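Keep in mind that the numbers below use all heavy atoms, side chains included, and drop hydrogens, waters and symmetry copies. The structure presented is a predicted model; accordingly, all values stated were derived computationally and were not measured.
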Amino acid sequence: MLYERYFKRIFDFVTSLCGLIVLSPMFIVVAVLIKKEDGGRVFFRQTRVGQNGKLFKIYKFRTMVENAEKMGARVTRGDDPRVTKIGKVLRKYKIDELPQLVNVLKGEMSLVGPRPEVPEYVNAYKKDYEKILKVKPGVTDFAALEYIDEEGLLKDTEDPEKVYLEKILPEKMKYYEKYIREMSFLTDLKLILKTILRIVR
């Protein structure tokens, strides 16, 4: 597709670069607040599966205690004790996701596209992911909007990782395929605007 191959990359590059410049003062404030709370790392990096199965490190502001992944599941629920005080605020307004603009700038992600998953989750649905991995993963998409309060949905579950893997992820994959079918500049623009409006509300 002409849009996906050329214009989408140009749009991603220009928008992410402008976004990083405009948001840089906020990034500095957030970095100071994270450091002030517990002195740990500012950024959280995790291996995710990108286009054509290529692995990359996704960037987020750290919202949990250090080594949180060794203390519990890789998915979090609303009352997860591993989430820091500043982390709760960052997650509520999706500010923790903003460093992914760096991934977009590097060409590892797009502003809009299927959300990238960890290798273990992709391998659990390897056949289904063959089509999904043909496009770049994104910061937002239909699934991100539908499950914007995913942590709240997992709050009362005994095994949030199992519920995510067996119930939520299969539903998300349907939305990923929907995006691939409807991919266009207009679709991307609508999803970006809807995401901003949902977060503001």
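Hydrophobic clustering, with ILVMFWY side chains joined whenever heavy atoms are under 4.5 angstrom apart, keeps Phe44 apart from Tyr93. Cluster membership check: Val42 does not share its hydrophobic cluster with Val83, using side-chain heavy-atom separations under 4.5 Å among Ile, Leu, Val, Met, Phe, Trp and Tyr. At a threshold of 4.5 Å between side-chain heavy atoms, the hydrophobic network of Ile, Leu, Val, Met, Phe, Trp and Tyr places Leu20 and Val32 in two separate groups. Under the 4.5 Å side-chain heavy-atom criterion for Ile, Leu, Val, Met, Phe, Trp and Tyr, Val200 and Leu145 are members of the same hydrophobic cluster. Cluster membership check: Val29 shares its hydrophobic cluster with Ile34, using side-chain heavy-atom separations under 4.5 Å among Ile, Leu, Val, Met, Phe, Trp and Tyr.
Of the possible donor and acceptor atoms, none in the side chain of Glu182 sits under 3.5 Å from a partner among the backbone N and O of Thr187. The closest donor-acceptor contact from the side chain of Lys155 to the backbone of Asp79 lies at 3.5 Å or more, if one exists at all. Checked by atom type and distance alone, the side chain of Asp141 pairs as donor or acceptor with a backbone atom of Ala143 at under 3.5 Å. Of the possible polar contacts, none joining the Glu108 side chain to the Gly50 backbone as a donor-acceptor pair under 3.5 Å is found. Panel note: side chain Lys8, backbone Val112; a donor-acceptor pair is recorded below 3.5 Å.
Atoms CD1 and CD1, from Ile95 and Ile199 in turn, are 9.0 Å apart once rounded to the nearest 0.5 Å. Expressed to the nearest 0.5 Å, how far OG of Ser16 lies from CD1 of Ile21 amounts to 9.5 Å. Distance check, rounded to the nearest 0.5 Å: OG1 of Thr47 to NZ of Lys57 gives 3.0 Å. Atom-to-atom distance recorded for Lys131:NZ and Arg181:CZ is 6.5 Å, nearest 0.5 angstrom. Taking CZ of Arg198 as the start and CG of Leu191 as the end, the distance is 11.5 Å to the nearest 0.5 Å. Separating the CG atom in Leu33 from the CD1 atom in Ile86 is a distance of 4.5 Å, to the nearest 0.5 Å.
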Show the numbers, then the answer: is there a side-chain contact (heavy atoms from CB on, under 4.5 Å) between Gln51 and Lys134? CA-CA 6 Å; Gln51 188 175 26; Lys134 289 181 180 179; 5.9 Å; no
Lys136/Asn103 under side-chain contact (heavy atoms from CB on, under 4.5 Å): CA gap, chis, key distance, verdict: CA-CA 11 Å; Lys136 280 185 183 180; Asn103 293 115; over 6 Å; no
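Arg91 pairs in a side chain to side chain donor-acceptor pair (under 3.5 Å) with only one of the listed residues (Thr84, Thr76, Asp96), which is Thr76. Ser110 pairs in a side chain to side chain donor-acceptor pair (under 3.5 Å) with only one of the listed residues (Asp12, Thr140, Asp188), which is Asp12.
In this structure, the side chains of Arg62 and Lys35 stay at 4.5 Å or more apart for every pair of heavy atoms. Using a 4.5 Å cut-off on side-chain heavy atoms (C-beta onward), Lys190 and Leu186 make contact. Considering only heavy atoms from C-beta on, Leu105 comes within 4.5 Å of Phe13 through its side chain. Under the 4.5 Å side-chain criterion, counting only non-hydrogen atoms from C-beta, Leu133 is in contact with Val122. Looking at heavy atoms from C-beta onward, Ile58 lies in side-chain contact with Met109 at the 4.5 angstrom threshold. Using a 4.5 Å cut-off on side-chain heavy atoms (C-beta onward), Tyr121 and Glu161 make contact. The closest side-chain heavy-atom distance from Leu98 to Met26 is below 4.5 Å.
Partners of Asp159 according to the side chain to side chain donor-acceptor pair (under 3.5 Å) rule, which considers only residues two or more places apart in sequence or in another chain, do not exist here. In terms of the side chain to side chain donor-acceptor pair (under 3.5 Å) criterion, Lys194 has no residue partners (sequence neighbours excluded).
The nearest pair of heavy atoms linking Arg82 to Ala68 is NH1-O, 2.9 Å. Pairing each heavy atom of Pro116 with each of Arg48, the nearest pair is O-NH1, 2.7 Å. The nearest pair of heavy atoms linking Val49 to Pro137 is O-CG, 4.4 Å. When all heavy atoms of Tyr179 and Gly113 are compared, the closest pair comes out as CE2-CA, 3.8 Å. A pairwise comparison of heavy atoms in Tyr125 and Leu165 identifies OH-O, 2.6 Å as the closest pair. The shortest non-hydrogen separation linking Arg9 to Lys106 is NH2-C, 3.9 Å.
One finds a salt bridge joining Lys172 and Glu150 here, because a Lys/Arg side-chain nitrogen approaches an Asp/Glu carboxylate oxygen to under 4.0 Å. Ion pairing between Lys174 and Glu171 holds under the 4.0 Å rule for side-chain N and carboxylate O. Ion pairing of Glu146 with Lys178 is absent here, as no side-chain N (NZ or NE/NH1/NH2) approaches a carboxylate O to less than 4.0 Å.
Between Tyr129 and Tyr176, the two ring planes are tilted [angle within 30° to 60°].
Within 6.0 Å of OH on Tyr175 lie no more than 12 heavy atoms contributed by other residues, nucleotides or ligands.
If you look at Phe61 and Phe43, their ring centroids are closer than 6.0 Å.
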